[in-house]
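Just so we're clear, the structure is a prediction, and the values are computed from it rather than from any experiment.
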Amino acid sequence: MIKFRIHGRGGQGGVTLAKILAFMYWTEGKWVQAFGDYSAERTGAPLLAFTLVDDIEITNRSKIYYPDHLIIVDNTLLGPNVLSGLKKDGYLLIDTPEKPEVFQEYPGRRVATLDAKTIARKYKLGTKTTPITNTALAGAFARVFGLKMESVEKTIKALGFPISNTQAAEEAYSEVQIGEVIAGEPEVLDVPVPTDKVPPLITGNLGTEPLLNTGDWKSEEPYFSKAHIPPCNFYCPAGNDIQSFIAEMAQDNYDKALEVLYRTTPLPGTTGRVCPHPCEDKCNRSSIDEKVNIHELERFASDKGSFKPSAPESEYDEKVAVIGSGPAGLSAAYHLRLKGYKVTIFEADAEPGGMLRYGIPKYRSPKDILDKEIKNLTDMGIEIVCSNKITEDNFQKILNEHDALIVAIGLSHGNKLDLGGSEKATVLQGVDFLHLVSEDKEVQIGSDVIVIGGGNTAIDASRTALRLGSENVTIVYRRERKEMPAIAEEIEAALDEGVELKFLYSPDKIVNDNGSSVLVAQKMKLGEPGDDGRRRPVPVDGEYENIKFSSLILATGQHADLSFLNKEIVTNWGFVKANKVGATEISKIFAAGDIVSNEGTVTHAIGFGRKTADAIHSFLKNVPMPDHELNPEHVITEKELNLYYFKPAPRKNTKERPIEKRIHDFEEVNLGIENVKEALRCLSCGVCNGCVTSGGQSKCQLFCPERTIEKVSATELRINYEGCKGCLICMEVCPRDGFDKRTAKIKEEA
């Protein structure tokens, strides 16, 4: 362990300096601890601060009486008392304009000097009379103790200091003067160290030491918050409790983890494979190293866990019909069945699943996983009627026979694109192409395939074409790559497999050139952003390119066939008019998924279906509608966390089949992660998970001066408010921001 003691005066930033130094070492992968001696802190009064660094977790919080090195923020404090306990060869880093060789009165020690006050004034840190020198001293410290300047920059940025602090640190890093060991034998002054406990006056078995009930002194008190929201939970479109299921995974409780997932989604094995995982984009772990591989942990839980949802213990008499067995329909049916309703799903295709079965290729989502998850639903008592295409006549019949009806048919029809000349060319809709392939039907597309579009259907169609033997597959997209709505990992996979991306071209027409089909593509440039935030493509006059093809696949958007619905609830753009939970203006008729929101992902559809199920329950039973909206103000960011508690750990990435093998068949490409260690990387942001030190105590227990926090279970703690004096140290040291504070209740006099 390395021990640093800082001597300064109140108002100079010495305590903050201790934290900065600790954070710098933490970025290097060390365990750290930093705190100040606040007992006499006031402007100008001498104070101490401490930083401890070790390769193992530090569990003992105590003042440093025998430091390895000293940092002197105010050189007027120099004297025998300041040097007390300093070890041989220890450094004195002093804020002074003097050179190191001036300090010959400290034999056996090394001196480094820096005029930190001048640098702080130069960059306007603090005031002229009281400059704040901590970031300048941090830069000098890094140079003296062999740390990289990058660690200083990362620390200052993470702590939210202005750029001027980085500039001051950089100048200090280059300007600090480092002296040699001063000749002579050092005198290490002995220090009286107070003992931890005072022996009792009476010996014997007295049980536990009595608790001093100081709780009545406090004006505020801490409590374990239930309002804090981990960012992954907030940004999950399905509404999954991601933190809780990963916490179970970290304990190897796969069945329990799967149970947590099934509270909100009936398709964890599928979504763990196809979800674009927006939850990961907001993961606070990325402030340390890399985001947690959440979607693969969901898949792992589904593959390894054995939990199955069960039929409700009691049932309602009401019956609900669901039109469509895609993700929105399956989710709505599942949650309605959990509540006790009799649910029947009507599906136009020969097998259930909608776009999950017919729109997502097998190499991304194996159909045996989907079949297993759909069987869970039928085992619960959900009836699925396939090969039942909805018309105006049977729609009205179904509506009359049920107490409520949900339309969840998705956007399964490709948008047409009139390019002319297509009568002599092979032109396919992307969704139709994927549908045929999913049914194992033979599709002749030839060796040179062009795919028009930039979404997931375009990527899936292009990778499918390669697997059918096409030698050259080109995606033509009218914008640039950063505007593509497809999942980023899928785009990368397509490129790895050999798909060519041709940006800033838009299809103009198809012509025949000596028996060959040719796409005439118009050159584009990007103009001003549109309503969706993406820059609009604008034609470049007179610039075209001819591209020969054997087949052209259109993936330029999709729509639904809503001809069976009453026109008053259908928009001019082909969507259903419904509110955010799916209620339409016609009693009994609800809608869910892309035909309302056009979000375009499986996970959004699942989340929508769950909300619509709640809306129907509210409608049928006249009960309040649950509030699905989470308060963004309660989302925990990296600024609320004590990140220095967590050691960097590499992300466990998804394993993949070799490219040379996978492009020749439809076997699953992604093979998942090998073990559950990835779950241990989760920070459990905002949630008390009963963290433990090597001594077996949670951080708040370890640092509580009154010892008023006790463990109830491995993951649950309790505060004894009779003894809690409201110092709120537990809030400060909690790694995960699991506490809030409130005004303490004042006991009434008896």
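Residues meeting the side-chain contact (heavy atoms from CB on, under 4.5 Å) test with E351, sequence neighbours left out: R357, Y358. Looking at residues two or more places apart in sequence or on another chain, you find a side-chain contact (heavy atoms from CB on, under 4.5 Å) between D665 and R657, E667. In this structure, the side chain to side chain donor-acceptor pair (under 3.5 Å) partners of T391, at least two apart in sequence or on a different chain, are N394. When the side-chain contact (heavy atoms from CB on, under 4.5 Å) test is applied to L338, the partners found at least two apart in sequence or on another chain are Y334, H335, M380. Taking the salt bridge (charged side-chain N to carboxylate O under 4.0 Å, His left out) definition, one finds that K256 meets it with E259, sequence neighbours left out. When the side-chain contact (heavy atoms from CB on, under 4.5 Å) test is applied to A679, the partners found at least two apart in sequence or on another chain are I246, M249, A250, L297, V676. Judged as a side chain to side chain donor-acceptor pair (under 3.5 Å), and not counting sequence neighbours, the contacts of T264 are N240. With sequence neighbours left out, E315 forms a salt bridge (charged side-chain N to carboxylate O under 4.0 Å, His left out) with R337, K342. The side chain to side chain donor-acceptor pair (under 3.5 Å) check on S365 picks up nothing, with sequence neighbours excluded. The salt bridge (charged side-chain N to carboxylate O under 4.0 Å, His left out) check on R273 picks up D303, E668, with sequence neighbours excluded.
In terms of heavy atoms, Q429 sits closest to N415 at NE2-O, 2.9 Å. The minimum heavy-atom distance linking A458 with I475 is given by the pair O-CD1, 4.0 Å. Across all non-hydrogen atoms, the minimal contact from A425 to I510 is CB-CG2, 4.2 Å. Contact between G329 and I345 at its shortest, heavy atoms only, is O-CD1, 4.4 Å. Considering every non-hydrogen atom in both N376 and K308, the closest pair reads OD1-CE, 3.1 Å. Here the closest non-hydrogen pair linking G414 and H559 is O-CE1, 3.3 Å.
Between the R478 side chain and the Y505 main chain, no donor and acceptor come within less than 3.5 Å of each other. Side-chain N or O atoms of N388 include none that pairs as donor or acceptor with a backbone N or O of I390 at under 3.5 Å. In this structure, the side chain of Q243 does not engage the main chain of P230 through any donor-acceptor pair within 3.5 Å. Judged by distance alone, the side chain of D403 and the main-chain N or O of K319 form a donor-acceptor pair under 3.5 Å. Without hydrogens or angle criteria, D255 side chain to S306 main chain gives a donor-acceptor distance under 3.5 Å. In this structure, the side chain of K282 does not engage the main chain of T637 through any donor-acceptor pair within 3.5 Å. In this structure, S331 contributes its side chain and P327 its backbone to no donor-acceptor pair below 3.5 Å. Under a 3.5 Å cut-off, the side chain of T464 and the backbone N or O of D460 do form a donor-acceptor pair. Remark: the backbone N or O of G269 is paired with a side-chain donor or acceptor of E373 at under 3.5 angstrom. When atom types are taken as modelled, the side chain of E280 and the backbone of I294 share a donor-acceptor pair closer than 3.5 angstrom.
Counting non-hydrogen atoms of neighbouring residues, nucleotides and ligands closer than 6.0 angstrom, the CG atom of D317 reaches no more than 12 such neighbours.
Side-chain contact between P361 and L434 is present, with heavy atoms from C-beta onward closer than 4.5 Å. The closest side-chain heavy-atom distance from P266 to P309 is not below 4.5 Å. In this structure, C232 and C283 have side chains that are not in contact, with every pair of non-hydrogen atoms separated by 4.5 Å or more. Between L562 and I409 the shortest side-chain heavy-atom distance falls below 4.5 Å. In this structure, the side chains of I553 and I450 stay at 4.5 Å or more apart for every pair of heavy atoms. Using a 4.5 Å heavy-atom cutoff, the side chains of L620 and Y316 are not in contact.
Remark: K304 fails to qualify as a cation-pi partner of Y254 under the 6.0 Å distance and 45° angle criteria applied to the six-membered ring.
Using a cut-off of 4.0 Å between Lys/Arg side-chain N and Asp/Glu carboxylate O, K375 and D371 are scored as not salt-bridged. Residues R536 and E483 are not paired through a salt bridge, judged by the lack of any N-O separation under 4.0 Å between the basic side chain and the carboxylate.
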Practice prompt. Evaluate side chain to side chain contact (heavy atoms under 4.5 Å, CB included) for F549 paired with T474, printing each intermediate quantity in order.
Written response: CA-CA 9 Å; F549 66 89; T474 303; over 6 Å; no

Worksheet item: When you look at V407 and V596, which way does the side chain to side chain contact (heavy atoms under 4.5 Å, CB included) test go after all the steps?
Response: CA-CA 10 Å; V407 181; V596 179; over 6 Å; no

Discussion item. Apply side chain to side chain contact (heavy atoms under 4.5 Å, CB included) to residues E392 and S563 and explain how you reach the verdict.
Written reply: CA-CA 7 Å; E392 287 187 58; S563 59; 5.7 Å; no

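Sorted pairs that involve residues 570-597 and meet side chain to side chain donor-acceptor pair (under 3.5 Å), not counting sequence neighbours, are lacking altogether. Within the structure, side chain to side chain donor-acceptor pair (under 3.5 Å) pairs that include any residue of residues 602-622 comprise E318-K621, K339-D614, Y341-H617, T601-H604, D614-H628 (at least two apart or interchain).
Once rounded to the nearest 0.5 Å, the distance linking CG of N670 with NE2 of H295 reads 7.0 Å. Atom CG of L554 is separated from atom OG1 of T457 by 11.5 Å, given to the nearest 0.5 angstrom. The line from CG of L330 to CG of L370 is 7.5 Å long, rounded to the nearest 0.5 Å.
Side-chain atoms of H277 and E489 form a donor-acceptor pair, as typed in the model, at a separation below 3.5 Å.
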